[in-house]
Number of protein chains: 2
Amino acid sequence: MFELDLRSRKPIYEQLVDKMKELIMNEVLKPDEQLPSVRQLAQQLTINPNTIQKAYRELELQGFIYSLKGKGSFVNPMDAGKDAEKIMQVKLELEKLLLEALYLGIPAEELHGLIRELDASKGGGE
Amino acid sequence: MFELDLRSRKPIYEQLVDKMKELIMNEVLKPDEQLPSVRQLAQQLTINPNTIQKAYRELELQGFIYSLKGKGSFVNPMDAGKDAEKIMQVKLELEKLLLEALYLGIPAEELHGLIRELDASKGGGE
DNA sequence: TAAGTGTACTATTATTGTTAATACAGTTAA
DNA sequence: TTAACTGTATTAACAATAATAGTACACTTA
């Protein structure tokens with residue numbers, strides 16, 4: 001389910017966070033679906049449970065999952081856990097990256113097209 | 001010219017890279033303009049010259065500046081140093097971030113508007 | 001009770017960021 | 001040529017972070 005690059009300079013837990021976010025946003029992982037447990041996933045990926053826990057904690061902070069002691073960790077429904085602060089942060093990051101894209105010579109129309117694509121495949125699954 | 005947050009968890013050299021990129025892309029720093037020297041900027045910011053050098057090396061790697069031994073470091077003209085690899089990388093990052101923005105409920109129209117704004121202020125200065 | 005879950009803590013190692021000091025090579029002007 | 005500036009490289013030391021390891025505790029469920 002997850003492919004990790006142990007040699008990468010990007011920390012393992014960050015790789016995990018990114019992949020999870022991707023799977024959740026693409027609805028591969030459905031709302032309220034249970035995620036593999038900390039120990040189970042650690043064993044499957046042959047890494048330390050603490051690293052998984054760190055990734056889960058970060059995902060919970062970012063509002064993508066919720067964890068219940070004794071039960072497990074679950075995908076947060078889309079409309080939950082969306083604070084204004086997180087939205088502002090994403091907007092700022094996006095502005096920087098869009099400026100860089102334009103600076104690199106990527107046509108504005110290509111960017112508009114990208115948004116249309118992503119927006120179209122958003123609600124409708126694939 | 002530069003404000004640093006020494007307490008931030010973001011490395012100093014990364015903060016420098018980001019600010020420099022911003023100044024270059026907004027044409028506050030003009031093409032072929034000479035940047036402050038490694039030692040000079042280090043003294044001004046009261047940080048170590050090695051940290052400046054690390055930032056400059058990264059900026060050169062990313063194609064934003066060029067350095068000449070014995071002469072100094074200079075802003076790379078817009079049409080130089082834009083390899084396809086860098087463009088692909090930015091596109092991938094952008095796709096991730098745009099997906100997250102839409103997932104967070106930011107309207108597609110707001111994103112289109114952001115692009116139009118940035119694109120308009122691109123060539124025309126301010 | 002037993003086995004699963006998340007969570008917390010301490011300790012250890014490896015990697016990275018930062019500083020420090022020094023040195024070398026190229027440029028430029030006196 | 002000399003002096004003072006440039007970028008660049010290297011080594012050492014320290015702090016912070018990433019990751020592993022081991023253990024423990026609290027909660028849930030069958």
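In what follows, every chain begins at residue 1, and chains take the letters A, B, ... in the order their sequences are listed.
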### Task
Take atom CD of B:Gln43 and atom P of D:dT6, then tell me their distance rounded to the nearest Å.
10 Å
### Query
Side chains of A:Gln40 and A:Gln44: donor-acceptor distance under 3.5 Å anywhere?
no
### Message
I'd like to know if B:Glu100 and A:Lys86 make a salt bridge, using a cut-off of under 4.0 Å between side-chain N and carboxylate O.
### Response
yes
### Query
Is the shortest side-chain N/O distance from B:Ser73 to OP1 or OP2 of D:dG7 below 4.0 Å?
yes
### Any side-chain donor near an acceptor of the partner, A:Asp32 and A:Tyr66, under 3.5 Å
yes
### Task
Return the value, rounded to whole Å, for the distance between atom OH of A:Tyr66 and atom P of C:dT7.
13 Å
### Query
Can a donor-acceptor pair be found between the side chains of A:Glu93 and A:Gln89 at a distance below 3.5 Å?
no
## Note on the structure
Protein heavy-atom contacts under 4.0 Å, written 5' to 3' over nucleotides 21-30 of chain C as B (base), S (sugar-phosphate only) or - (none), form the string B-B--BSS--
### Message
Has B:Gln53 got a side-chain atom pairing as donor or acceptor with B:Val38's backbone, closer than 3.5 angstrom?
### Response
no
### Query
Looking across every strand, which nucleic acid part, if any, lies under 4.0 Å from B:Glu60 by heavy atom: base, sugar-phosphate, or nothing?
sugar-phosphate
### Results of side-chain hydrogen bond (donor to acceptor under 3.5 Å, both in side chains) for B:Asp18 - residues two or more places apart only
A:Lys96, B:Lys10
### Query
Shared ILVMFWY cluster between B:Leu23 and B:Phe74, side chains joined below 4.5 angstrom?
no
### Query
Which whole-number value in Å describes the distance from A:Ile52 CD1 to D:dA21 C1'?
15 Å
### Query
Rounded to whole angstroms, how far apart are CG on B:Leu6 and C1' on C:dT19?
13 Å
### Query
Think A:Tyr13 has a side-chain N or O under 4.0 angstrom from the OP1 or OP2 of D:dA18?
yes
### Query
How long is the line joining CD of A:Glu58 and P of C:dG6, in whole Å?
17 Å
### Query
When you measure from the side chain of B:Asn26 to the backbone N and O of B:Val28, does any donor-acceptor pair fall under 3.5 Å?
no
### Query
Looking only at side-chain N and O atoms, does A:Ser37 come under 4.0 Å of OP1 or OP2 in C:dT5?
yes
### Task
Rounded off to whole Å, could you give me the CD-to-P distance for the A:Gln53 and D:dA19 pair?
14 Å
### Separation of atom CD1 in A:Ile12 from atom P in D:dA21, rounded to whole Å
11 Å
### Query
B:Glu60 side chain to B:Ser73 main-chain N or O, any donor-acceptor pair under 3.5 Å?
no
#### Entry: Gap between atoms CD1 and P, on A:Ile47 and D:dG22 respectively (whole Å)
16 Å
### Message
Under 4.0 Å from OP1 or OP2 of C:dG4: is there any side-chain N or O of A:Gln40 that close?
### Response
no
### Message
Based on the rotation axes of five pairs at each end, what angle does the helix from C:dT1-D:dA30 to C:dA30-D:dT1 bend through, to 10°?
### Response
20°
### Query
Are OP1 or OP2 of D:dT20 and a side-chain N or O of A:Thr51 less than 4.0 angstrom apart?
yes
